[in-house]
Amino acid sequence: MEDCRFETSEIQASLLMSTQLFTDSWSSCNTANCDGRIKIQLIAGITYVAIQAVPMIQLGDLVGLPVAGDVLFPGLSSDEPLPMVDAAILKLFFQLKIKEVLELELVGRKLVVITGHSTGGAVAALTALWLLSQTSLPPFRVFCITFGSPLLGNQSLSTSISRSRLAHNFCHVVSIHDLVPRSSNEQFWPFGTYLFCSDNGGVCLDNADSVRRMFNILNATGTPNIEEHQRYGHYVFTLSHMFLKSRSFLGGNIPDNSYQAGVALAVEALGFSNDDTSGVLVKECIETTTRIVRAPILRSAELANDLASVLPARLEIQWYKDRCDASEEQLGYYDFFKRYSLKRDYKVNMSRKRLAQFWDKVVKMVETNELPFDFHLGKKWVYASQFYQLLTEPLDIANFYKNRDIKSGGHYLDQGNRPKRYEVIDQWQKGVAKPDKCERSIYTSTTQDTCFWAKLEEVKEYLDEVIKESSDAQRRSLLLEKILRFESYANTLVKKKEVSVDVLAKNSSYSVWVGNLREFKFKMGYGNEIEMVVDECDAMET
Amino acid sequence: MAFEALTGVNGDLITISWMASKGANQTEHYLKEEVGGIVFFAFPPSFSAEDLFATANTSPFGEIKMKRNQFPCMRSIGNNVNATVNEAFLKNLEVIIGPRTSFYASVQSAVEREQQIVFTGHSLGGATAILATVWYLETYFIRNPNVPEPRCVTFGAPLVGDYIFKHALGRENWSRFFVNFVTRFDIVPRIMLARKASIEKILPHVLGQLDPRRASIQESDQIITEFYTTVMRDTYTVASKAVCQLIGNGEAFLETLSSFLELSPYRPVGTFVFSTQKRLVVVNNSDAILQMLLYTCQSNDEQELSLIPFLSIRDHHGYEELVQSIGIKLLNHLDLHNPPLDGENSIGSALNDLGMSTRGRQCIHAALEAEKQRVENQKNIETKRDKIVERLTWIVEKYKPKCQTHKNGYYDCFKDSKEDNDFKANVTRVELAGIFDEVLGLVKKGQLPDGFEGSGGWINLATQYRRLIEPLDISNYYRHLKNEDTGPYMLHGRPSRYIYAQRGYDSARAHLARPAVGFYFFGPPRAGPFRPAGKIHMSKPAPQSPAGFKRVGFSFAGNPQTRKPATGLPAYIRDPQWACPLGPLIYGQKIQCPSPPRHGPLGQSPRAIGPLDTSRYEHRILKPKGMIAEDVFWNKVNDLNLGLQQEIQENLKISGSKCGSCFWAEVEELKGKPYEEVEVRVKTLQGMLERWIGDGEVDDKEIFLEGSTFRKWWNTLPDNHILHSPLYLRGRLMDETRAT
């Protein structure tokens with residue numbers, strides 16, 4: 001394993017501190033605090049929205065943040081358990097009518113900085129989160145910088161922010177002596193980048209675990225000071241002039257390794273000595289966050305090579321599909337794979353697994369931010385993932401039904417059965433503008449709806465159930481409706497030639513099912529009526 | 001003298017340059033001196049604000065893109081982005097080379113007499129000298145191999161161009177011509193790192209103080225202190241951002257933060273010589289120089305801090321002293337061999353002299369390591385070369401001939417994909433795509449040495465790859481009818497790896513007179529599987545051949561011993577693959593391999609190659625000044641006389657006819673459409689075809705085969721069209737039935 005040879009937590013902090021953004025944010029906060037109301041101003045092309053600190057509110061009660069589907073934070077990924085925020089802050093967010101104010105004020109802006117001190121900082125973070133988690137991204141860039149803000153929410157909030165790839169929009173400036181940002185409530189969890197600062201300098205940590213660890217160290221060693229919470233003006237002034245001074249070691253020998261030297265400097269920047277115990281703890285804390293093995297750029301270039309090495313597996317499946325299409329059984333690769341376990345099918349299964357492994361790895365790397373953050377927007381990867389999904393998901397479905405536990409009766413499309421990678425890939429596809437579709441002259445090489453077979457398997461069961469007449473009439477009519485809906489949907493796909501030939505193969509599950517359905521309809525004598533439904537659908541089409 | 005070895009200039013040359021630069025103060029545009037056969041052009045500095053930021057320029061750093069036709073090399077080839085330079089400096093250059101001065105004529109006469117030229121200047125005069133050198137390189141040096149290498153010596157010059165400017169000079173191996181002297185605290189080399197908005201107001205006052213013709217400088221000048229602080233603040237932001245990027249941590253956070261910051265695009269180019277009282281420190285690495293500009297100007301304590309603003313002005317006048325003492329100062333070279341962190345060795349004490357802090361050393365170390373990493377990356381992809389060659393060879397020697405026996409060529413065979421071989425070809429296709437995509441990823445992100453883009457070996461390899469494999473990609477695209485849901489191949493389907501490869505090829509063709517520098521980069525020629533084909537036409541070029549030289553067919557078969565051409569092919573092109581950038585692609589009777597670079601990178605000595613005589617053929621090989629691939633295409637189209645230019649341009653907007661390896665994509669697109677609708681495109685395709693076959697872009701052995709999609713389609717065209725088609729096409733394409 002290769003070491004990260006340089007340590008950047010302090011350089012990052014000094015970079016931020018040397019900017020106009022840093023000082024202008026603070027001066028906006030200051031004005032907002034003095035005026036006691038939200039301050040919006042334009043400085044050098046950047047819109048600063050500063051939210052005033054509201055003293056005397058009771059913090060520490062968590063309340064669930066309704067995500068996904070709710071009008072407020074629809075874009076935030078919602079994993080169990082529910083993301084929660086401080087009830088008082090959420091209340092403040094509504095009380096201050098921030099939504100209403102900003103909806104008017106931010107029209108036509110390009111760069112927006114949301115900032116605030118103390119409770120104002122927490123509201124600012126919530127505001128930025130609200131702007132960033134709309135279904136469509138705002139037409140401007142958002143950066144949130146808070147000063148001495150208390151923690152906003154729980155661990156689930158923190159993870160969904162980083163899962164939704166929003167964490168890099170947040171920066172929290174925190175004095176190492178200030179108690180307010182560290183909550184005594186263990187349920188509260190940090191997110192975003194933390195800039196810990198002392199009179200000597202600052203250090204950026206962007207990993208929630210390390211930030212918590214740092215909180216613990218500070219709790220154990222620091223000398224808490226109530227006044228510290230009001231000293232951010234002093235820090236901003238001091239730190240924003242650090243760039244004039246050279247940063248050398250205050251004491252001791254210079255480590256001969258650049259990384260160690262960087263860590264030692266960072267420890268000193270926080271006002272700790274490299275020799276005493278708390279200094280050692282801080283050092284360890286910084287080391288764990290900054291030891292990144294490979295730079296993301298290099299990793300994504302290597303991944304291209306990895307992709308090439310698994311591509312033969314995809315071609316293998318493609319080849320398998322083509323052979324199946326041409327075979328005498330006239331089954332199509334979905335049914336072939338579901339039905340047989342010969343040597344060839346076994347080999348294809350291996351290829352399927354290899355591909356799944358690769359894409360699971362990619363999806364995980366994207367989630368853990370190990371790849372460049374715009375990775376999934378790259379054309380190459382959008383296409384590669386799409387081709388993979390189009391070709392292979394039918395096999396995954398086949399595999400699912402081949403090994404299905406009949407008793408449980410669960411379906412592929414039920415919650416939790418469809419592999420997560422496909423859902424992520426679906427998300428990626430959404431981010432890409434689709435070119436205008438033109439009419440197809442022949443059937444596509446792969447069925448465009450990758451879950452077609454899963455849907456078929458469901459209605460197949462419904463049809464069996466209806467034919468057997470094993471359930472009550474109400475359920476039967478419900479099932480029948482579903483069956484007919486699928487039938488017309490499938491017809492449309494076939495008409496638009498959006499299915500591959502394997503779907504239409506003479507003996508494929510689909511063809512068999514269509515035959516069964518026709519027979520059933522004939523038997524029940526309401527064929528005509530059903531034909532009409534389909535015709536209507538056609539009429540709407542044209 | 002070691003100094004000369006490191007910088008390419010000796011003490012005398014520097015002294016004369018300085019004297020000339022000083023003398024230029026009295027002139028309006030430039031001063032010409034001739035000493036010992038060398039011509040010195042010195043440019044006067046200016047101390048007015050509009051010469052630093054052009055008045056009408058609204059960009060935050062007074063920058064502007066360079067024009068492609070005037071400076072064809074100053075760009076990133078793959079990413080297809082032109083270099084950015086300071087507009088005021090560029091305007092100044094344009095005045096000087098314009099008709100109002102005699103400069104152009106003076107340079108012309110020096111060129112004719114093959115004299116070496118040194119461009120030089122102090123302060124803003126140095127910026128002019130840098131641009132004048134670039135202009136000279138683009139106008140004379142690259143076009144005529146007899147033009148001697150220029151030198152550019154600047155004293156306290158501001159930064160001129162952006163990263164791409166630096167990258168392009170690095171790629172062409174021109175960086176070595178530039179030597180910049182910087183006294184430790186001199187503010188001028190740092191000015192361009194500051195935002196225009198932050199310094200605009202106080203700039204005139206400061207420039208007044210910098211002007212040597214003015215009276216003495218005041219020691220405690222509040223405005224100067226403010227100016228110093230502002231410039232340093234922005235320099236700090238730029239340098240910290242740069243070093244974070246080099247290390248590659250916290251990318252997403254940095255990206256967001258950076259979008260809120262205005263960061264100077266300017267980067268150092270060439271060699272920098274930093275001077276202190278006792279020493280000179282020579283640095284070549286642009287990233288390291290940027291860090292040096294910041295960290296050498298910081299202060300250790302309050303007392304020093306109060307002095308530095310004054311020193312930052314005073315040091316701008318310290319070059320006379322510097323030049324006089326060059327001989328007696330200690331000399332250090334800052335590179336990876338001397339780790340900067342260690343205070344013990346000589347470089348350590350040099351950095352102590354420069355006041356470099358631990359943090360500064362760390363940043364410089366990071367910059368140097370990043371360069372090392374780029375070299376490593378290149379080594380890493382070099383190891384894949386054999387695999388590429390092996391796969392391509394398989395396609396040429398096994399797959400293609402096998403397909404030809406089916407009488408429809410590999411394009412159509414692959415499209416049918418009926419045999420195991422087709423499957424194997426498909427695997428080959430994706431394997432190669434993986435390798436080239438990896439290279440592409442590195443190129444896009446600037447993770448390879450600057451010279452890589454210009455390296456003949458890779459341009460060649462990528463060209464062969466593109467010509468051989470792109471038809472398979474097109475075949476795959478249309479086999480799966482991706483055009484029906486994604487759109488035409490040319491519009492949505494063409495992978496970037498081919499687009500980049502094409503750009504590399506086009507630009508290499510654009511300047512054949514000078515070798516692309518990197519072509520020895522990968523080591524000396526060796527016996528590889530790529531050899532001149534058996535079918536080389538080494539005979540005298542056929543008289544009707546328009547370009548006056550004959551292309552050779554290109555195959556990978558054969559043995560150099562037995563295939564050794566009998567006629568006059570110089571022995572050193574035994575394996576032309578590695579010997580010259582486009583060796584195997586274009587041969588001529590007299591056109592020999594261009595001269596080797598004088599400085600073999602990586603310390604490899606170039607092999608001895610005789611003098612060359614390209615002048616006779618120059619007008620044939622070289623496109624006229626500023627011609628780019630696009631222009632060549634349109635010229636050809638205009639020659640075809642197809643009708644109104646505007647309509648044609650509209651018609652050909654997404655045509656595959658701009659590039660030979662996309663031939664099949666264009667055929668596929670035209671295939672289903674009524675002739676009337678696509679007449680212009682059909683004729684263009686036909687018009688380009690002969691040239692493509694000549695260049696080796698399209699394999700004529702393939703496309704004329706009986707079963708080929710092209711042949712079948714062509715024969716469906718209206719009789720009237722076929723009758724008016726070029727003779728060679730009719731001869732080779734017309735079906736028996738139609739012919740009769």
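The structure displayed is predicted, hence computed values, not measured ones. Note on naming: letters A, B, ... go to the chains in the order of the sequence lines (proteins, then strands), and numbering restarts at 1 for each one.
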> Any chance NZ of A:K497 has more than 12 other-residue heavy atoms, nucleotides or ligands included, within less than 6.0 Å?
Replying inline: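 Yes, because the 6.0 Å sphere around NZ of A:K497 holds more than 12 heavy atoms from other groups.
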
Which atoms of [X] are under 4.5 Å from chain B, going by heavy atoms: the side chain, the backbone, both sets, or neither?
X	result
A:R323	side chain
A:F22	neither
A:S240	both
A:V113	both
A:T193	side chain
A:L307	neither
A:D322	side chain

Note: B:C297 and B:I308 closest approach over all heavy atoms is O-CD1, 3.8 Å

Inset, instruction - Please report the shortest heavy-atom distance between A:L111 and A:F140, naming the atom on each side. - result: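 Closest approach of A:L111 to A:F140: N-CB, 4.3 Å.
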
Measure distances from [X] to the heavy atoms of chain A and classify the residue's part below 4.5 Å as side chain, backbone, both or neither.
X	result
B:D420	both
B:F436	neither
B:A197	neither
B:T235	neither
B:F260	both

We want to know whether A:K321 and A:S500 form a side-chain donor-acceptor pair, criterion being a heavy-atom distance below 3.5 angstrom.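 The criterion, which ignores hydrogens and geometry beyond distance, is satisfied for A:S500 and A:K321.
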
Checklist entry - Do we see a donor-acceptor contact under 3.5 Å between the side chains of B:D234 and B:S198? => result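 Looking only at side-chain atoms, B:S198 and B:D234 do form a donor-acceptor pair, the distance falling under 3.5 Å.
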
Parallel, tilted or perpendicular: which one describes the rings of A:H172 and A:F191, with boundaries at 30° and 60°?
perpendicular

Checklist entry - Parallel, tilted or perpendicular for A:F243 and B:Y236, by the 30°/60° rule? => result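 The rings of A:F243 and B:Y236 sit tilted, inter-plane angle from 30° to 60°.
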
As an exercise: rank [options] by heavy-atom pairs under 4.5 Å with chain A and give me the winner.
options	result
B:R195, B:M356, B:M232	B:M232
B:K384, B:E262, B:Q298	B:Q298
B:R479, B:R429, B:K444, B:R359	B:R359

| task | Could you tell me whether B:E419 and B:K424 make a salt bridge, using a distance below 4.0 angstrom between a side-chain N and a carboxylate O? | result |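 Not counted as a salt bridge, because no side-chain N and carboxylate O are separated by less than 4.0 Å.
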
Output for pair (A:E10 CD, A:N200 CG), nearest 0.5 Å, gives 10.0 Å

d(A:D24 CG, A:T115 OG1) to nearest 0.5 Å is 10.5 Å

